[in-house]
Undergrad: 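Mind having a look at this structure? Questions to follow.
What you are looking at is a predicted structure, and each value in this text was computed from that prediction instead of being measured. Convention: sequence-line order gives letters A, B, ...; per-chain numbering from 1.
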Amino acid sequence: MVEADDDHLESLLSQLNDQQRVAVEHDLNPLLIVAGAGTGKTTTLAHRVAWLIATGVDPRRIMLLTFTRRAANEMLRRVEAILSGLDHHADRTGRKRPGRGVWGGTFHSISARMLRKYGNALGLDSQFTILDRTDSEDLLQLLRIDMNLADSKKRFPLKGTCLDIYSRCMNSQRRLEEVLQFDFPWCAEYQDELKGLFRAFVDRKELQGVLDYDDLLVFWRALLDSDTGAEMIRSQFDAVLIDEYQDTNVLQSSILQLLSPEGQGVTVVGDDAQSIYSFRAATVRNILDFPQDFPNTTIVALEQNYRSTQPILEMTNRVISMAPERFEKNLWSDREQGPRPIIVESDNEDVQTDYLISQILEHRENGVPLNRQAVLFRASHHSLPLEIELGHRDIPFAKYGGLKFIETAHAKDLLSFLRIAENPRDEVAVMRVLTMLPGIGRKKGAQLMEMSKGQSDITAGWKDFKPPAATRDHWPLFIALIQSLSLKRSDDEPMSGQLKLVRRFYKPILESKYDNLRARENDLDQLERISDRYVNRASFLTDLALEPPTSMMELKDQTQDADEECLVLSTIHSSKGLEWDVVYLLQAIEGCLPSEMALRSGDDLEEERRLFYVALTRAKHWLYVGCPRRYFTRNNSFPGGRNVSVRKSRFLSDSVLECCEIINADLEIDADDLESYRSTGIDSRSIRDGLKNRWL
DNA sequence: TATGGATTCTTTTTT
DNA sequence: AGAATCCATA
């Protein structure tokens, strides 16, 4: 083990403030870092990891759990940078890229790694494939139909709702009755049917050797709960660090308890004021109760804000001060003064859009590049009018959150072929592939499924199948494709080769099934390029299921190095942990933020408040909050959409508005300009496809 | 039994 | 506006 001497440790700490230093230097007793927005949370955590390594902990015995893959990569990059700075001073320390051995990733991805390695202790096949959200819904749908629950007269909950309920039971570790009563009261009458459905769901997944997101956590915990598994895994790690702890759920915290019952080597970082994932059963209690869960805990609070100017901080502090229960924190900053946050009032959304774009361009003129500016919003569709207008004006943007291209039908189609080769028992993949062949629907698909049951080579079970006329041309090619893919266990054929093979077969199907061919082909090209970085089919599929690229731009970054300057569009949820020089928040109005759905319960409303807080605290220098007085809404009471009058978000209380500047955008915008682009009849889809084609 | 069209219902955030 | 389901036709 290599230990740095005191000088080097001192230089590691030199950039930190006193509070950060205490956190970084803390021993291996349990540590809770309460880090307000912009207080250098990432820096502190990265330094703590570097400190552990520099003081002799083997990086391969450190587990770093983050919220996204992006966060993990960023953190490890910084750990390496810190340590290589040290190495630079002392070449004799020798070790290269010490961050490399750290087990970094999300709970789900690390679980997948653990289970491939040790899962057989639980009777798990290490060849398991992973169901993403839509796959799980598809499987539930198959079962729902099988079990006669899909009859519309019954008004049984839809597949997505079923999955939400199931998932909440798993992640909050509560019984179905309780979950139904508190979170889904309108589904309570179907308790028995749901119970039956979920039992079947669990059985089916086991039979098929597939795991969904929830299973990854459940099985990891089960592994840690078994005597052998617990010992095996515990003895492998000296330190466990968890970022964004306020957004973990009880299942995840119980995993932590089992990983280190006394909390030895445990560090968690979080901010109770930024807990925004309770819809995923995250509970702020995890962070509030941490000191009780691990009795020997030291709490360090980071309160010096390095991100935002004083006026922005003043506003955000006022917003969060209205929240009832929280760790008391007083964020302060010695940063320069700056412009006050701007409330943009306008008659309607289009004026808001136009005003924001004019500001975006002006900031850019003044030297803030587009990628240092972000537009944030509560729901993915809130940005659509803006996207259209950006398209019109040829302003490049990258959107985070919302539908990922990996979830598009054609991408799922393509990947299903590979999944079958990897795990022929994977019913969702098999059914998807079979029913995309002309002439084969649900019934024939189910028959074929039955025929191949228990066969190691599924095509063997289909020898006697006489394809209907519509399928005849495709069938032999299809069989040949599956066979040839199944033979390629792993590294002998590059992934892109396998994808090319699939695409040759899939092309005519794609063409007959969908329009928009050009854009879809582009997506598939992209997929092929990504695949080339993998030598191994299982890890390719796992990565795509667990941490898919979150935006088109991210794809581009990975495949080309040219960095086009792009405006960032993001849901508030996806903006967590990030910062920009200029932040524009769209639709800070009742019904959008807080969202209409959140108005039922007080807890939900508090979460909306935190969401608002998270959005505002992303801003470093300039902050704009859009409040149109009319909003074009589409919902069941107004089919086709309708302009309704709306009020400013309730979170913009008088005391908050007091420290803002209010601008009337109607006076800044030329109404004729607005008319000229709105009257041309915009087809948003073709514009977006055009943009896609141009960039990719 | 597959498939396209008509009809009825729902509508956030994501690993 | 889209998804889920139902229904008529090939």
Undergrad: Could you state the CG-C1' distance from Asp543(A) to dT15(B), rounded to the nearest angstrom?
TA: 13 Å
Undergrad: Less than 5.5 Å between centroids and less than 30° between ring planes, does Tyr277(A) satisfy that with dT13(B)?
TA: no
Undergrad: Is a side-chain donor-acceptor pair under 3.5 Å present for Ser278(A) with Glu607(A)?
TA: yes
Undergrad: What is the separation between atom CD1 on Ile572(A) and atom P on dT13(B), rounded to the nearest whole Å?
TA: 11 Å
Undergrad: Please check the phosphate of dT15(B) (OP1 and OP2 only) for any side-chain N or O of Gln252(A) closer than 4.0 Å.
TA: no
Undergrad: When all nucleic acid strands are considered with a 4.0 Å heavy-atom cut-off, which category describes Asp214(A): base, sugar-phosphate, or nothing?
TA: nothing
Undergrad: From CZ of Arg69(A) over to C1' of dT14(B), roughly how many Å is that when rounded to an integer?
TA: 14 Å
Undergrad: Is the phosphate of dT14(B), meaning OP1 or OP2, less than 4.0 Å from a side-chain N or O of Thr571(A)?
TA: yes
Undergrad: Judged by each residue's nearest nucleotide on DNA chain B, which is more toward the 5′ side, Arg155(A) or Glu607(A)?
TA: Arg155(A)
Undergrad: Looking at Asp164(A), Asp214(A), Asp138(A), which hits salt bridge (Lys or Arg N to Asp or Glu O under 4.0 Å) with Arg133(A)?
TA: Asp164(A)
Undergrad: Select one nucleotide: of dT15(B), dT13(B), dA4(C), the one nearest the side-chain heavy atoms of Arg280(A).
TA: dT15(B)
Undergrad: Take atom CD1 of Ile589(A) and atom P of dT12(B), then tell me their distance rounded to the nearest Å.
TA: 16 Å
Undergrad: Could you state the atom-to-atom distance from CG of Leu611(A) to C1' of dT14(B) in whole Å?
TA: 13 Å
Undergrad: Please report, rounded to the nearest Å, how far the C1' atom of dT15(B) is from the CZ atom of Phe219(A).
TA: 17 Å
Undergrad: With the side chain of Phe279(A) defined as its heavy atoms from C-beta on, choose the nearest nucleotide among dT15(B), dT13(B), dA4(C).
TA: dT13(B)
Undergrad: For Cys187(A) and Thr161(A), work out which heavy atoms get closest and say how close.
TA: SG-CG2, 4.1 Å
Undergrad: Looking at residues 434-446 of chain A, who's got a heavy atom less than 4.0 Å off DNA chain B?
TA: Pro438(A), Gly439(A), Ile440(A), Gly441(A), Arg442(A), Lys443(A), Lys444(A)
Undergrad: Please work out if Leu158(A) contacts a base, only the sugar-phosphate, or nothing of the nucleic acid, heavy-atom cut-off 4.0 Å.
TA: sugar-phosphate
Undergrad: Round to a whole Å and report the spacing from CG of Leu211(A) to P of dT15(B).
TA: 18 Å
Undergrad: Would you say the side-chain atoms of Asp413(A) and Tyr506(A) include a donor-acceptor pair closer than 3.5 Å?
TA: yes
Undergrad: Choose from dT11(B), dC6(C), dT14(B) the nucleotide whose nearest atom is closest to any side-chain atom of Asp151(A).
TA: dC6(C)
Undergrad: From CZ of Arg610(A) over to P of dT12(B), roughly how many Å is that when rounded to an integer?
TA: 20 Å
Undergrad: Is it the case that more than 12 heavy atoms not belonging to Arg647(A) sit under 6.0 Å from its CZ atom?
TA: no
Undergrad: How far, in whole Å, is dT13(B) from dA4(C) if one measures between their P atoms?
TA: 16 Å
Undergrad: Establish, with yes or no, whether the OP1 or OP2 oxygen of dT14(B) is under 4.0 angstrom from a side-chain nitrogen or oxygen of Ser574(A).
TA: yes
Undergrad: Assign Gln447(A) to base, sugar-phosphate, or nothing according to its heavy-atom contacts below 4.0 angstrom with the strands shown.
TA: sugar-phosphate
Undergrad: Classify the side-chain pair Ser172(A)/Arg174(A) by whether it contains a donor and acceptor separated by less than 3.5 Å.
TA: yes
Undergrad: Across the strands shown, which category fits Ala470(A) at heavy-atom distances under 4.0 angstrom: base, sugar-phosphate, nothing?
TA: nothing
Undergrad: For Glu206(A) and Gln208(A), test the side chains for any donor-to-acceptor distance below 3.5 angstrom and give the result as yes or no.
TA: no
Undergrad: Hey, does the side chain of Ser595(A) reach the backbone of Cys592(A) with a donor-acceptor pair shorter than 3.5 angstrom?
TA: no
